[in-house]
Amino acid sequence: MTARPPEAGSTGPATSAGNGGCAQQQDASTGVLSQGSKYRNYETVFTNSKAGMTGVDREHVKKVVYEMSKDSAHFINEQRKQAQVDLRIHKLLQRAKGLTAQELAAYTRAQDMKLAALEATRDLSRVWIHVDMDAFYAAVEERDDPSLASKPMAVGGVGMITTANYLARKFGVRSAMPGFIARKLCPELVFVRPDFAKYKAASDQTRAIFCEYDPEFEAGSMDEAYLDVTDYCHAHGITGRAVAQEVRIRVHQETRLTCSAGIAPNTMIAKVCSDINKPNGQFEVPADADAVRKFVEPLPIRKVSGIGKVAEQTLKALGVELCSQLIEKRGLLAALFSQISSDFFMAVGLGLGRTLHHEPVKEGEVGRRGMSVERTFRAISSKADLEAKCAELAHKLAEELADGGGLKGKTITLKLKTTKFELRTRAITLPVHVSSAEDILAPALRLLRVELPLELRLMGIRMSNFKEVRTPPGQKSIADFVRKEAVPAQRSEQDADAAPSEQPPAASSHHEADLQLNGGPAADGCPLELSLRDWGTAGEAVHTQGPASQHIELSLEDWQHARDDPLPADAVGM
DNA sequence: GGGGCACCTGAAA
DNA sequence: TTCCATTTCAGGTGCCCC
Ligand SMILES: Cc1cn([C@H]2C[C@H](O)[C@@H](COP(=O)(O)OP(=O)(O)OP(=O)(O)O)O2)c(=O)[nH]c1=O
Ligand SMILES: [Mg+2]
């Protein structure tokens, strides 16, 4: 398990947990008969509590999801993955059992020091607001077609749903649920195909507003952002709560969309808070150490961004379900997990989180680690089809890289998902940075061919290891913005600066030739040992590697809602 | 010991 | 282009090569 202090991550499933500690978990078990089916022992993420989930018949949802899933390849794969997790947890427990009382005591004492040190860093001087749009994609669609607002609706398709409006959520329909299951839960569910350009436009509008309150605001995704409004509060002599109110009203006025906000002294708490009175509400944890501690104590760890399904299961096995228990079990956690993980756990337990903005992107660095494209399709296995798919992706990726400001990367990662849902990634780092479709395709095809034969349902290509961008002297560069450098019209046009220009080895280009040709099924057997020598001519070694040996990580409510601060009805047009 | 690299898992929207 | 998505990032192991 890997616990990390994340920066994005919205809505883990959330109940109105919080201050009082009395989380309201609706569990409307309508005596569904147990019919000999095993769904009761079946765990699905779709029944976790979440905004809009109150009143949902969880048992029913569970049963439907199970019945629709149980014979699928997907289900088998999920079970395989779960078995691995179970095994890891088992080993972790064995390790825990092996600890002597003395060792545990030592770890506990060490953690006491750590906690004291952490406590000393507690900073309550900052006012953070986490803003999160309500049912974002769905809300945009409703706004643009009001007839949708009166019916259960989901954005996505039969294959997958990205989100659903609150009417649909009452049926248990939610993000990341396959559409055909959602339809089973709610036969009259209306599907709307996503239109990302619209969401982007709406997102840009909200960001323009955020910018006025915090020019350095951090956008996690299109629908959420962290604002440090400390300075704004001081400058205008108002509270964080009032600012949140103001932001929400403005967002609504300018986009006709609602959002929710969390106000707290750090990002971690603010994030949890924005979910509490969703939709269209806000919640604040005041800048008071006791208030923060009291808020965090009864909070289920799963509500913390960064603690997902596996971490939840793992910690539960160790007797940790609430944040307070992270502190109680500090010795054990320190003994079993990596420093990074246990530090994170301790911080969460104390209610500590980030209080400062991220370091600005350094000069020359492109503000991202990678860019990728992937596509799911009906099963494909012929070499020609596979290679054609690869070519499409290479072109798509090249296009995106160009749009992204002419990014050039050195590492190309091919992602494959078999019809049995098994994932495989194969990467290669080139001696030079490339960006054209041809230069992406050639190595991608090499990686692909070695894996044949294959029966795939998905293929993807990722580019990473980006070349740093040097801004021509005399030109002011804004580090926070994605740099838009002229996209070379031709391949020959390399860098504008004096850097020695890299040339990809010849011979790429004709992907046509690469595509067609025989399906001489590559020597099957172990597709892992091949040698992809000779990419190009220079003596650059090409790294090849078999699959990482199975390593086991040991370290491991709508308007009626009771809310802290509802928008004045008229401000929202009601 | 540390820097790359390849690969996998987990998490989030 | 449908039959469980797509995009991005971090942390961890294992290896190679200084
Ligand atoms: C969770 C999730 C969201 N999304 C998209 C659709 C969502 O509208 C958007 C924002 O995600 P969320 O903020 O998680 O969800 P939401 O805004 O739809 O609903 P809520 O009121 O609970 O905040 O991101 C996905 O595409 N896939 C996902 O798995
Ligand atoms: Mg949202």
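Just so it is clear: chains get the letters A, B, ... in the order the sequence lines come, proteins before strands, and each one is counted from 1. Basis for what follows: all heavy atoms, side chains included, without hydrogens, waters or symmetry-related copies.
- Listed pair Thr419(A) / dC3(C) fails the phosphate criterion, with no side-chain N or O lying under 4.0 Å from OP1 or OP2.
- Looking at residues two or more places apart in sequence or on another chain, you find a side-chain contact (heavy atoms from CB on, under 4.5 Å) between Ala182(A) and Ile161(A), Val173(A), Met177(A), Leu189(A).
- Taking atom CG of residue Asp71(A) and atom C1' of nucleotide dC4(C), one finds them 14 Å apart after rounding to whole Å.
- Every residue two or more places apart in sequence or in another chain that forms a side-chain contact (heavy atoms from CB on, under 4.5 Å) with Val131(A) is listed here: Ile129(A), Phe210(A), Leu227(A), Val247(A), Cys259(A).
- Closest to the Ile181(A) side chain, of the nucleotides dG10(B), dA6(B), dC4(C), is dC4(C).
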List, with names and distances, any nitrogen or oxygen atoms from the protein found under 3.5 Å away from nitrogen or oxygen atoms belonging to nucleotides 16-18 of chain C.
none

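- Not counting sequence neighbours, the partners of Ala138(A) by the side-chain contact (heavy atoms from CB on, under 4.5 Å) test are Ala135(A), Met153(A), Val155(A), Thr163(A), Asn165(A).
- Annotation: Tyr107(A), atom OH; neighbour count of heavy atoms from other residues, nucleotides and ligands within 6.0 Å does not exceed 12.
- Residues passing the side-chain contact (heavy atoms from CB on, under 4.5 Å) test with Ser381(A) are Glu455(A), sequence neighbours excluded.
- Of the two residues contacting DNA chain C, namely Lys389(A) and Arg462(A), the nearest-nucleotide position lying further toward the 5' end is that of Lys389(A).
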Polar atom pairs between nucleotides 5-7 of chain C and protein, under 3.5 Å, N or O only, would you list them?
| residue | atom | partner | partner atom | Å |
| --- | --- | --- | --- | --- |
| dA5(C) | OP1 | Arg457(A) | NH1 | 2.7 |
| dT6(C) | OP1 | Thr376(A) | N | 3.0 |
| dT6(C) | OP2 | Thr376(A) | N | 3.4 |
| dT6(C) | OP2 | Thr376(A) | OG1 | 2.5 |
| dT7(C) | OP2 | Glu374(A) | N | 2.7 |
| dT7(C) | OP2 | Glu374(A) | O | 3.4 |

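- Applying the 4.0 Å criterion to OP1 and OP2 of dC8(B), one finds that Arg426(A) has a side-chain N or O inside that range.
- For Ile340(A), counting side-chain heavy atoms from C-beta on, the closest listed nucleotide (dC7(B), dA11(B), dG11(C)) is dG11(C).
- For Ser72(A), no side-chain nitrogen or oxygen approaches OP1 or OP2 of dC4(C) to under 4.0 Å.
- For the pair Glu224(A) CD and dA11(B) C1', the interatomic distance rounds to 13 Å; values are reported in whole Å.
- The Ile428(A) side chain lies nearest to dA6(B) when the options are dA6(B), dG11(C), dT9(B).
- For the C1' atoms, the distance linking dC3(C) with dT8(C) amounts to 26 Å, nearest Å.
- Here the C1' atom of nucleotide dA11(B) and the NZ atom of Lys303(A) are 16 Å apart, to the nearest Å.
- Applying the salt bridge (charged side-chain N to carboxylate O under 4.0 Å, His left out) rule to Lys198(A) yields the partners Glu141(A), Asp144(A); only residues at least two apart in sequence or on another chain are considered.
- A search for salt bridge (charged side-chain N to carboxylate O under 4.0 Å, His left out) contacts involving Asp204(A) returns Lys200(A), not counting sequence neighbours.
- Every residue two or more places apart in sequence or in another chain that forms a ring-ring contact (aromatic ring centres under 6.0 Å, His included) with Tyr199(A) is listed here: Tyr137(A), Phe196(A).
- In this view, Asp134(A) and Lys278(A) satisfy the salt bridge (charged side-chain N to carboxylate O under 4.0 Å, His left out) rule, not counting sequence neighbours.
- We find that Glu422(A) and Lys417(A) are not joined by a salt bridge, their nearest charged nitrogen and carboxylate oxygen being 4.0 Å or further apart.
- The residue Phe136(A) sits apart from the nucleic acid: no heavy atom pair falls under 4.0 Å.
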Mind running side chain to side chain contact (heavy atoms under 4.5 Å, CB included) on Leu93(A) and His90(A) for me, showing each step along the way? CA-CA 5 Å; Leu93(A) 287 177; His90(A) 176 75; 5.7 Å; no
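- To the nearest angstrom, C1' of dA6(B) lies 14 Å from CG of Leu430(A).
- Contacts of Val155(A) with the nucleic acid, taken as non-hydrogen atoms under 4.0 Å apart, are absent.
- For DNA chain C, none of the residues of residues 199-209 of chain A falls under the heavy-atom distance limit of 4.0 Å.
- Each of dC4(C), dA11(B), dT1(C) was ranked by its minimum atom distance to the side chain of Arg378(A); first place goes to dT1(C).
- Close to dC5(B), at under 4.0 Å from its OP1 or OP2, lies no side-chain N or O of Thr411(A).
- For the OP1/OP2 pair of dC3(C) and a distance below 4.0 Å, the side-chain nitrogens and oxygens of Arg183(A) include no atom meeting the criterion.
- Rounded to a whole Å, the CZ atom of Arg88(A) is 16 Å from the P atom of dG11(C).
- Contacts of Asn77(A) with the nucleic acid, taken as non-hydrogen atoms under 4.0 Å apart, are absent.
- Inter-residue side-chain proximity for Phe136(A) and Met222(A) is flagged as met; some heavy-atom pair is nearer than 4.5 Å.
- Here dT9(B) presents its P atom at 8 Å from CG of Leu423(A), a figure rounded to the nearest Å.
- The phosphate of dC5(B) (OP1 or OP2) has a side-chain N or O of Asn465(A) nearer than 4.0 angstrom.
- Look at CZ on Phe466(A): it is 18 Å from C1' on dG4(B), rounded to the nearest Å.
- Of the C1' atoms belonging to dT1(C) and dT6(C), the separation is 15 Å, rounded to the nearest Å.
- Computed from coordinates, the Lys81(A) NZ to dA11(B) P distance equals 11 Å when rounded to whole Å.
- For Phe421(A), the ring-ring contact (aromatic ring centres under 6.0 Å, His included) partners two or more places apart in sequence, or in a different chain, are His74(A).
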